Amino acid sequence: MALLVVGVAESSAQERIDALLNRDIGGVVNGYQCTKRIAVKRDPASGEVVKRVMEVVINNNKELAKQFIEAFKLDLPTSDVCEEQQRGKVYVATAVWLNPKRVYNISVTGSVVVINVQTIYREEEK
């Protein structure tokens, strides 16, 4: 029974953040601008994905900024390591989940949201 509870907790990690990130939020929509960049690094020998990096920048959307802050606040307790600060209209948080290693950073200043996500599937060989 304990393994089932752990499995459910693991599967819910960062799900709210990912749900927002996976929405079609690119381009200019309803007066706000969003850019989304994704880079994938592969092992040249096997083609296996080693690392994925995503950056999302959203301008002029207070409602989406509020949704991301709420998602981070709800998902942070499931992380292995986290840090969070809020001062007035500035919210900054970092959350790390292990296996695979996922690092989520968010910075919200008013209606500007900057999110960086790194998923490291395996450490690179030197």
Side-chain angles (χ1 to χ4, degrees):
M1 186 68 154
L3 291 176
L4 178 62
V5 172
V6 170
V8 170
E10 283 294 321
S11 69
S12 68
Q14 88 278 346
E15 71 180 16
R16 292 168 190 89
I17 301 168
D18 285 345
L20 285 171
L21 288 171
N22 290 329
R23 288 174 38 187
D24 186 19
I25 55 176
V28 177
V29 179
N30 298 329
Y32 74 90
Q33 180 180 0
C34 177
T35 57
K36 190 179 202 180
R37 295 183 202 117
I38 300 173
V40 176
K41 184 170 188 176
R42 295 184 179 274
D43 181 314
S46 68
E48 177 184 354
V49 175
V50 175
K51 182 179 187 180
R52 185 182 88 132
V53 178
M54 179 189 321
E55 178 186 65
V56 176
V57 179
I58 303 164
N59 290 303
N60 300 321
N61 191 323
K62 290 181 182 179
E63 181 57 36
L64 200 49
K66 183 179 170 183
Q67 289 175 24
F68 270 106
I69 290 171
E70 183 177 310
F72 264 81
K73 287 184 177 197
L74 290 169
D75 286 349
L76 281 176
T78 68
S79 67
D80 295 303
V81 178
C82 67
E83 185 176 324
E84 174 180 41
Q85 295 180 2
Q86 183 154 13
R87 292 187 186 137
K89 293 184 179 185
V90 177
Y91 175 77
V92 178
T94 300
V96 178
W97 287 269
L98 303 173
N99 198 22
K101 186 174 184 180
R102 299 170 310 272
V103 181
Y104 287 65
N105 296 301
I106 185 171
S107 173
V108 180
T109 305
S111 63
V112 178
V113 181
V114 179
I115 301 162
N116 292 290
V117 177
Q118 289 188 45
T119 304
I120 302 166
Y121 296 100
R122 67 177 169 88
E123 295 298 327
E124 296 183 64
E125 299 172 6
K126 298 196 181 210

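Note that this is a predicted model, so its numbers are computed, not measured. For the single chain, residues carry numbers from 1 onward in sequence order.
Note that CG of Asn105 is 10.0 Å distant from CD of Glu83, once rounded to the nearest 0.5 Å. Between Arg87 atom CZ and Thr109 atom OG1 the span is 12.0 Å, to the nearest 0.5 Å. For the atom pair Thr119 OG1 and Met54 CE, the distance stands at 7.5 Å (nearest 0.5 Å). For the atom pair OG of Ser107 and CD of Gln85, the computed distance is 10.5 Å after rounding to the nearest 0.5 Å. A distance of 7.5 Å separates CG in Leu64 from SG in Cys34, rounded to the nearest 0.5 Å. Annotation: the span from Ile115 atom CD1 to Leu20 atom CG amounts to 7.5 Å, rounded to 0.5 Å.
Across all non-hydrogen atoms, the minimal contact from Arg42 to Gly47 is NH1-O, 2.9 Å. Nearest heavy atoms, Thr94 versus Leu76: O-CD2, 4.0 Å.
The backbone N or O of Ala71 lies less than 3.5 Å from no partner atom in the side chain of Arg16, so there is not a single donor-acceptor pair. Counting only distance, with no hydrogens or angles, the side chain of Lys36 and the backbone of Leu21 share a donor-acceptor pair below 3.5 Å.
Glu70 CD: 12 or fewer foreign heavy atoms inside a 6.0 Å radius.
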Q.
Does Asp75 form a side chain to side chain contact (heavy atoms under 4.5 Å, CB included) with Tyr104? I'd like the steps, not just the answer.
A. CA-CA 11 Å; Asp75 286 349; Tyr104 287 65; over 6 Å; no
Please step through side chain to side chain contact (heavy atoms under 4.5 Å, CB included) for the pair Arg52 and Ile38, ending with a clear verdict.
-> CA-CA 7 Å; Arg52 185 182 88 132; Ile38 300 173; 4.2 Å; yes
When you look at Tyr121 and Asp43, which way does the side chain to side chain contact (heavy atoms under 4.5 Å, CB included) test go after all the steps? CA-CA 11 Å; Tyr121 296 100; Asp43 181 314; over 6 Å; no
* Which is it for Ser79 and Val96 under the side chain to side chain contact (heavy atoms under 4.5 Å, CB included) test, yes or no, and what are the steps along the way? -> CA-CA 6 Å; Ser79 67; Val96 178; 5.9 Å; no
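Both Val40 and Val117 are assigned to one and the same hydrophobic cluster, defined by single-linkage of ILVMFWY side chains at heavy-atom distances under 4.5 Å. Tracing side-chain contacts under 4.5 Å through hydrophobic residues (I, L, V, M, F, W, Y), one never reaches Trp97 starting from Val53; they form parts of separate clusters. A single hydrophobic cluster is not seen to contain both Val112 and Ile69; linkage of ILVMFWY side chains at heavy-atom distances under 4.5 Å, directly or through other members, places them apart.
Looking at Val92, Val113, Val114 one by one, the single match for side-chain contact (heavy atoms from CB on, under 4.5 Å) with Val108 turns out to be Val113.
Using a 4.5 Å heavy-atom threshold, the side chains of Gln14 and Thr78 count as separate.
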